[in-house]
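No experiment lies behind these values; they were computed from the predicted model shown.
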Amino acid sequence: LVVLTFDASDSEPGTYSADLTITSNDPDEGELVVPISLTILEEGSSYLYAEDQVIGQDTVVSVPLRLNVSADDTVQGMTFAMHIDPVGGADPVTGDLEIEMLVPATNTWVTQTGDGHASVAIELSSPLFSQDTLIANLLFPFPSAAQTGDEYTLSFVGVSGSGPDYELVEISGFENISLSVLAGIPE
């Protein structure tokens with residue numbers, strides 16, 4: 001087990017990344033490179049995110065989407081683009097991306113903009129404010145040829161929100177969220 005601790009107290013907002021290289025005397029796995037990243041948001045920011053996930057081989061993958069609304073914001077609706085991209089030699093996601101709402105929504109629109117890419121608009125039944133909420137599940141078809149160890153990244157871009165009176169609410173979207181494949185139960 002390796003625990004990394006980041007101190008962002010003197011850092012500017014933005015995304016920082018590096019590779020962590022672990023070496024050992026194992027002749028088969030002498031070096032392991034682990035990409036790491038840290039996203040620093042402005043204090044009091046609202047943001048749309050998902051946690052890094054290990055996804056199992058199934059017909060449909062479900063990834064929980066969360067919205068953190070700052071104490072300064074009220075969110076009644078939002079729009080964003082999302083995409084799932086293969087890393088390295090992984091097969092692309094070729095089916096439609098869907099949203100399964102977990103909070104009451106008046107309307108949800110998902111427009112496919114390419115393989116593994118979609119634009120989303122959500123109108124909530126009641127506003128969210130000053131809370132971190134599991135709002136939806138992202139659903140997508142599992143690539144049939146995916147292997148254990150294949151990697152994908154999930155990103156939310158162009159995120160914007162609106163308040164009850166249709167005022168703009170700035171919302172940040174996390175990018176390069178890791179989706180790691182576990183295609184079978186390890187023996």
Side-chain angles (χ1 to χ4, degrees), residues 13-17 35-42 45-70 73-125 127-128 131-146 150-163 166 168-182:
T15 299
Y16 300 85
S17 60
I36 56 174
S37 66
L38 171 68
T39 300
I40 302 172
L41 301 174
E42 294 279 342
S45 294
S46 294
Y47 52 92
L48 177 66
Y49 72 102
E51 301 286 342
D52 290 348
Q53 301 282 315
V54 174
I55 55 176
Q57 189 168 16
D58 204 334
T59 54
V60 175
V61 175
S62 176
V63 176
L65 304 183
R66 300 190 69 87
L67 177 63
N68 183 294
V69 180
S70 78
D73 293 333
T74 301
V75 175
Q76 183 88 43
M78 59 190 304
T79 63
F80 57 93
M82 62 182 173
H83 53 90
I84 299 173
D85 296 309
V87 175
D91 285 352
V93 172
T94 56
D96 291 348
L97 304 181
E98 298 293 335
I99 295 287
E100 172 189 40
M101 293 304 298
L102 299 175
V103 296
T106 305
N107 291 298
T108 304
W109 299 271
V110 179
T111 303
Q112 306 305 314
T113 57
D115 285 343
H117 293 233
S119 294
V120 178
I122 298 170
E123 179 184 5
L124 299 171
S125 299
L128 298 175
Q131 61 191 352
D132 186 83
T133 304
L134 176 61
I135 61 165
N137 284 324
L138 163 62
L139 307 173
F140 64 93
F142 189 88
S144 59
D150 283 354
E151 295 282 332
Y152 295 84
T153 59
L154 167 62
S155 295
F156 303 108
V157 295
V159 182
S160 65
S162 62
Y166 304 103
L168 176 66
V169 177
E170 291 188 28
I171 301 175
S172 297
F174 276 31
E175 297 185 41
N176 299 316
I177 299 158
S178 175
L179 304 175
S180 302
V181 176
L182 179 60

Do the non-hydrogen side-chain atoms of [X] and [Y] ever get within less than 4.5 Å of each other?
X: Leu179; Y: Phe140; value: yes
X: Leu67; Y: Ile171; value: yes
X: Leu128; Y: Ile135; value: yes
X: Met101; Y: Leu124; value: yes
X: His83; Y: Val157; value: yes
X: Ile177; Y: Glu51; value: no

For the atom pair [atom1] ([X]) and [atom2] ([Y]), what is the distance rounded to the nearest 0.5 Å?
X: Ile99; Y: Thr108; atom1: CD1; atom2: OG1; value: 8.0 Å
X: Asn68; Y: Leu48; atom1: CG; atom2: CG; value: 10.5 Å
X: Ser70; Y: Asp132; atom1: OG; atom2: CG; value: 12.0 Å
X: Ile36; Y: Ser17; atom1: CD1; atom2: OG; value: 8.5 Å
X: Thr153; Y: Phe174; atom1: OG1; atom2: CZ; value: 15.0 Å
X: Asp96; Y: Asp115; atom1: CG; atom2: CG; value: 9.0 Å

Indicate the atoms forming the closest heavy-atom contact of [X] with [Y], along with that distance.
X: Tyr16; Y: Ile40; result: CE1-CD1, 3.5 Å
X: Pro86; Y: Pro92; result: CG-CA, 4.0 Å
X: Ala50; Y: Leu65; result: CB-CD2, 4.3 Å
X: Pro64; Y: Leu134; result: CB-CD1, 3.4 Å
X: Ser162; Y: Val169; result: C-CG2, 3.9 Å
X: Thr113; Y: Ser119; result: CG2-OG, 3.6 Å

Say whether, by atom type as modelled, one donor and one acceptor occur between the side chain of [X] and the main chain of [Y] under 3.5 angstrom.
X: Glu123; Y: Ala121; answer: no
X: Gln131; Y: Val69; answer: no
X: Tyr152; Y: Asp91; answer: yes
X: Ser155; Y: Asn176; answer: yes

Next item on the list: Say whether Glu170 and Ser45, considering side chains only, have a donor N or O and an acceptor N or O under 3.5 Å apart.
Entry: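 No, no side-chain donor-acceptor contact under 3.5 Å.
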
Check: Taking the inter-plane angle between the rings of Phe156 and Phe80 on a 0 to 90° scale, is it parallel (under 30°), tilted (30 to 60°) or perpendicular (over 60°)?
Finding: perpendicular

